[in-house]
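For reference, the structure discussed in these notes is given below.
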Amino acid sequence: MRTIIGIDVSKNKANIAVATDLVVVKELVISLDALGFNELKHVVLQFGGNSEIVFEATGVYSRRLEYFLQQEGLNYHILNPLTAKNRIATGSRLRKNDERDARRLAVTEFTEHLEPYLLAYKQDPIYRELTDMNRYYDQLNEDKKRARNRAHRVLQLVFASFGEAKIGFDFDTKCAWQLLVLFPHAQIIREIGDLNELETRILAAHFKGIGPKRAHDAARKLWKLAAKNGDAVPLSSDNTRQMKALAEQVLALETAQDQQVLRMMELGKFLPEYELLQTIPGIGSSTAIRLISELGDMRRFNTRQQLNSYVGIDTTEVDSGDHQSARHITKHGNPHARRILYWTVILMINPKMGNNHIRDAYQKRREASSSKKKLIVRQMDRLIKTILYLIKTNQPYSYELAPQSK
């Protein structure tokens, strides 16, 4: 006799359906807290203690349930949301509620897994912790983007020429934002009226990375840009204060990101793949730890196709009758990992980067390819193949042996 417990997880509660040999024999609703989990444990014991549990991953809400099951050593199967959606769908009529979803999850486990589902490879909890840390890093990055966008709007009013193309400052550097903290309005520079005094003020701020040479060059550039700037508001405008506050916010967020990466590296530096990934040209310590945080323990994947599906760069295929659609990536996987892999490939194909087979393959097909983006996605697949091979075989990257990697 086989017993499966289907659980539909919501924000604060979970609907439970217990099925024995395809027949639902018990249903209940529990709260997602200690009392509710204790009730779930009693249900498991009531049906012999070896029941199979299946539920859908619902972000932070299902994490509490998953942690409880891990602590109790219970066998569970966590479903990808898309897989769960396909299981729950019944016919063409839309009839969906939490009770029905729990029943469908329990009953379909019998047909989808004729033998009990067993988690073949259990990840070290450090990988989940790294994932949470990287998601916070991404949140900081989104906050920084918003702060930069607001700053650019205010900048048009107080110092529009500061970021002028070719002759202005590069906003991708900390130096630009540091200078805006000191001089949030062009009139401030004009009132100083002396190049040496301007240079002295820059040096007196003791900004990291700005020495006498950079201060000298920055002072002269600021002098020229302030002289040609057309102000939209006076120095006394609140926009001046806003500009300084936004520049400080961007710098603070960048510092927070740097510190978060350092914490991630400190936690994951003992993982064997951390050093292996850094042997690949274009992957430094920061990129390596962020790849690990999103891809997890890659030893749990048997083939690169499984890893491609996890990332979301596996291709769709629709071939019916005379119709054959163009092939596109599904984007059903992990968008955070996909973004990191994309920018890693961009770095690897840079001519200044060390010899690597990714750049060779890209350059070989660049002339014949009609889409640069599609070509980069192909190199993402190639990079995934390389990473999985190196980690599975526990060996560093070799440019000479790279084409032979399986």
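Every heavy atom of this structure was used, including side-chain atoms; hydrogens, water molecules and symmetry mates were not. Note that the structure is predicted; figures quoted are calculated from it, not measured.
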Candidate pair I289 and S285, rule side-chain contact (heavy atoms from CB on, under 4.5 Å), full reasoning: CA-CA 6 Å; I289 198 64; S285 56; over 6 Å; no

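- With sequence neighbours left out, D238 forms a side chain to side chain contact (heavy atoms under 4.5 Å, CB included) with R241, Q242.
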Test log, rule side-chain contact (heavy atoms from CB on, under 4.5 Å), inputs Q178 and L251: CA-CA 8 Å; Q178 289 167 341; L251 289 171; 3.9 Å; yes

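- For R153, the CZ atom counts as loosely surrounded, since its 6.0 Å shell holds 12 or fewer non-hydrogen atoms of other residues, nucleotides or ligands.
- Shown here is K174, whose NZ atom has more than 12 heavy atoms of other residues, nucleotides or ligands within 6.0 Å.
- In this structure A232 satisfies the side chain to side chain contact (heavy atoms under 4.5 Å, CB included) test together with L157, sequence neighbours excluded.
- By the neighbour-count criterion of 12 heavy atoms within 6.0 Å, atom NZ of K224 is sparsely surrounded, having that number or fewer from other residues, nucleotides or ligands.
- N334 meets the side-chain hydrogen bond (donor to acceptor under 3.5 Å, both in side chains) test with E294; sequence neighbours excluded.
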Criterion side-chain contact (heavy atoms from CB on, under 4.5 Å) on Y310 and H332, from CA distance to verdict: CA-CA 8 Å; Y310 177 80; H332 284 159; over 6 Å; no

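- A donor atom on one side chain and an acceptor atom on the other are found under 3.5 Å apart for N308 and D381.
- Geometrically, K221 engages F169 in a cation-pi contact, judged by NZ or CZ lying under 6.0 Å from the ring centre and within 45° of the ring axis.
- Side-chain contact check for H77 and E109: at least one donor-acceptor pair (N or O, by modelled atom type) lies under 3.5 Å.
- Heavy-atom neighbours of F110 CZ from other residues, nucleotides or ligands within 6.0 Å: above the threshold of 12.
- Counting heavy-atom neighbours within 6.0 Å of Y127 OH, excluding the residue itself, gives a total above 12.
- In this structure, D138 pairs ionically with R290, as a charged nitrogen and a carboxylate oxygen lie closer than 4.0 Å.
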Test side-chain contact (heavy atoms from CB on, under 4.5 Å) applied to L291 and L341, step by step: CA-CA 8 Å; L291 275 171; L341 284 166; 3.7 Å; yes

